[in-house]
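Take a look at the structure set out below.
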Number of protein chains: 2
Amino acid sequence: MVKVRRDTGKAVERLRAVGLRPTRQRVELASLLFRNGDRHVTAESLHDEASGLGLKISLATVYNTLHQFTHAGLLRQVVVDASRGYFDTNTGDHQHFFLEDEGTLIDIPGEEITVAGVPQPPAGLSVDRVDVVVRVRRG
Amino acid sequence: MVKVRRDTGKAVERLRAVGLRPTRQRVELASLLFRNGDRHVTAESLHDEASGLGLKISLATVYNTLHQFTHAGLLRQVVVDASRGYFDTNTGDHQHFFLEDEGTLIDIPGEEITVAGVPQPPAGLSVDRVDVVVRVRRG
DNA sequence: CAATAGTTTAGAACTATTCTAAAGTAAGAG
DNA sequence: CTCTTACTTTAGAATAGTTCTAAACTATTG
């Protein structure tokens, strides 16, 4: 008989693939983050979600884990709001709408949007990434 | 005989023009901000600069003033770093290089850079602004 | 299954920012 | 000028998000 539980096999694989020990906490967070399509979370929102599901994970671990996932290339950080840090499960080429009223992010596929005319960076520096944030509001 | 002091006349005018009472603190900060060309400051950096010149202005006032100037349209906020808020004296159409290693901003004129293909925003929302941040690093 | 290297955690600490309420000041009226 | 009043400034407390610390815990290896 098999225990009734969320399918965590994929999460374990994914963690092993990037060299992260698949601890209970990491597996649970990875399951939440990567189960469905692309997601945008803050440490707090993910912690609340996990807690709401009865998972016991400290906020510190959520922070640690989000950063580890980011370094491992499973997540990407998005800077749109001076007061919170967002993490995006979509690590591919894309940009964002930021709904300023509610603090929500919506992906814009990389193929749709184009940035032209970026000048040469100052000597000795190279472009790491070009981020586009389309800030939208009610009205 | 005229007192030897920084020329604050312009600053006073500028403040009056946007309906802000030209108090000593606001005049001094405006003088620092708008004397030379475009500048990018954080509350802390501006406070340090003022203090270094012997000006007595509390950090709280620097924060208040930066926000008032922003609401009045004299400054613009730039979000590039999750941990600090930057204010830009260039309120016109332009974008930024962000030197991640040192936390410095460099303007990219609005004429040089173009963003094409921004999709229609979700129903009921309208585009407030399109921000482009070109993140660069050593190497 | 023991050893150990890596992980989690509670709580303290930190950083940037905002708030509070008391003291100070610019501007207009008289 | 000087009074009055509304607006400002300020020190310090408070807050929010995040990071740090060191002790307890656990996955993995031998």
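Proteins come first, then strands; the chains are lettered A, B, ... in the order of their sequence lines, and each starts at number 1. Heavy atoms only: backbone and side chains are in, while hydrogens, waters and symmetry mates are out. Quantities reported herein were computed from a predicted structural model and do not represent experimental measurements.
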Could you pick out which residue, B:N64 or B:T23, lies toward the 5' side of DNA chain C when each is mapped onto its nearest nucleotide? B:N64

For chain A and DNA chain D, what are the first and last nucleotides along the strand, 5' to 3', with at least one atom under 4.0 angstrom from a heavy atom of the protein chain? D:dG17 to D:dT28

Do the two ring centres, one from A:H47 and one from A:Y63, sit under 6.0 Å apart? no

Can you name the residues that form a side chain to side chain contact (heavy atoms under 4.5 Å, CB included) with B:T104, not counting sequence neighbours? B:L99, B:E102

If you count every heavy atom of other residues, nucleotides or ligands that lies below 6.0 Å from B:R135 atom CZ, does the total exceed 12? yes

If I take atom CD in residue B:E44 and atom C1' in nucleotide C:dA16, what distance separates them, rounded to the nearest angstrom? 7 Å

Given atom CG of A:L59 and atom C1' of C:dG11, what is their separation to the nearest angstrom? 12 Å

Residue pairs, two or more places apart or on separate chains, that pass ring-ring contact (aromatic ring centres under 6.0 Å, His included) and touch residues 95-139 of chain A: A:H40-A:H96, A:H94-A:H96

Protein-nucleotide distance (A:E28, atom CD; C:dT8, atom P), rounded to Å: 11 Å

Can you get from B:L75 to B:Y86 by hopping between Ile, Leu, Val, Met, Phe, Trp and Tyr side chains that sit under 4.5 Å apart? no

Could you tell me whether A:T61 contacts a base, only the sugar-phosphate backbone, or nothing, with contacts defined as non-hydrogen atoms closer than 4.0 Å? base

What protein N or O atoms touch nucleotides 27-30 of chain C N or O atoms at under 3.5 angstrom, if any, and at what distances?
unit_1: C:dA27; atom_1: OP1; unit_2: B:R16; atom_2: NH2; d: 3.0

Can you tell me if A:D88 uses its side chain to pair, donor with acceptor, with the backbone of A:N90 under 3.5 Å? yes

Whole-Å gap separating P (C:dG24) and NZ (B:K56): 14 Å

May I ask you to list the residues of residues 66-85 of chain A, by number, that have any heavy atom positioned under 4.0 Å from an atom of DNA chain C? none

List the steps and the verdict of side chain to side chain contact (heavy atoms under 4.5 Å, CB included) for B:D48 and B:L46. CA-CA 5 Å; B:D48 288 353; B:L46 183 59; over 6 Å; no

Less than 4.0 Å between a side-chain N and a carboxylate O, is that true for A:R39 and A:E49? yes

Contact between B:D131 and B:R129 at the side-chain level, heavy atoms closer than 4.5 Å - yes or no? yes

Pi-cation contact, B:F87 with B:R76 (under 6.0 Å, within 45°): no

With sequence neighbours left out, write down each residue that passes side chain to side chain contact (heavy atoms under 4.5 Å, CB included) with B:E28, or none if nothing qualifies. B:R24, B:L55, B:I57

Please give, in whole Å, the distance from C:dT7 C1' to A:R24 CZ? 11 Å

Within this structure, what is the CD-to-P distance between B:Q25 and C:dT25, rounded to whole angstrom? 8 Å

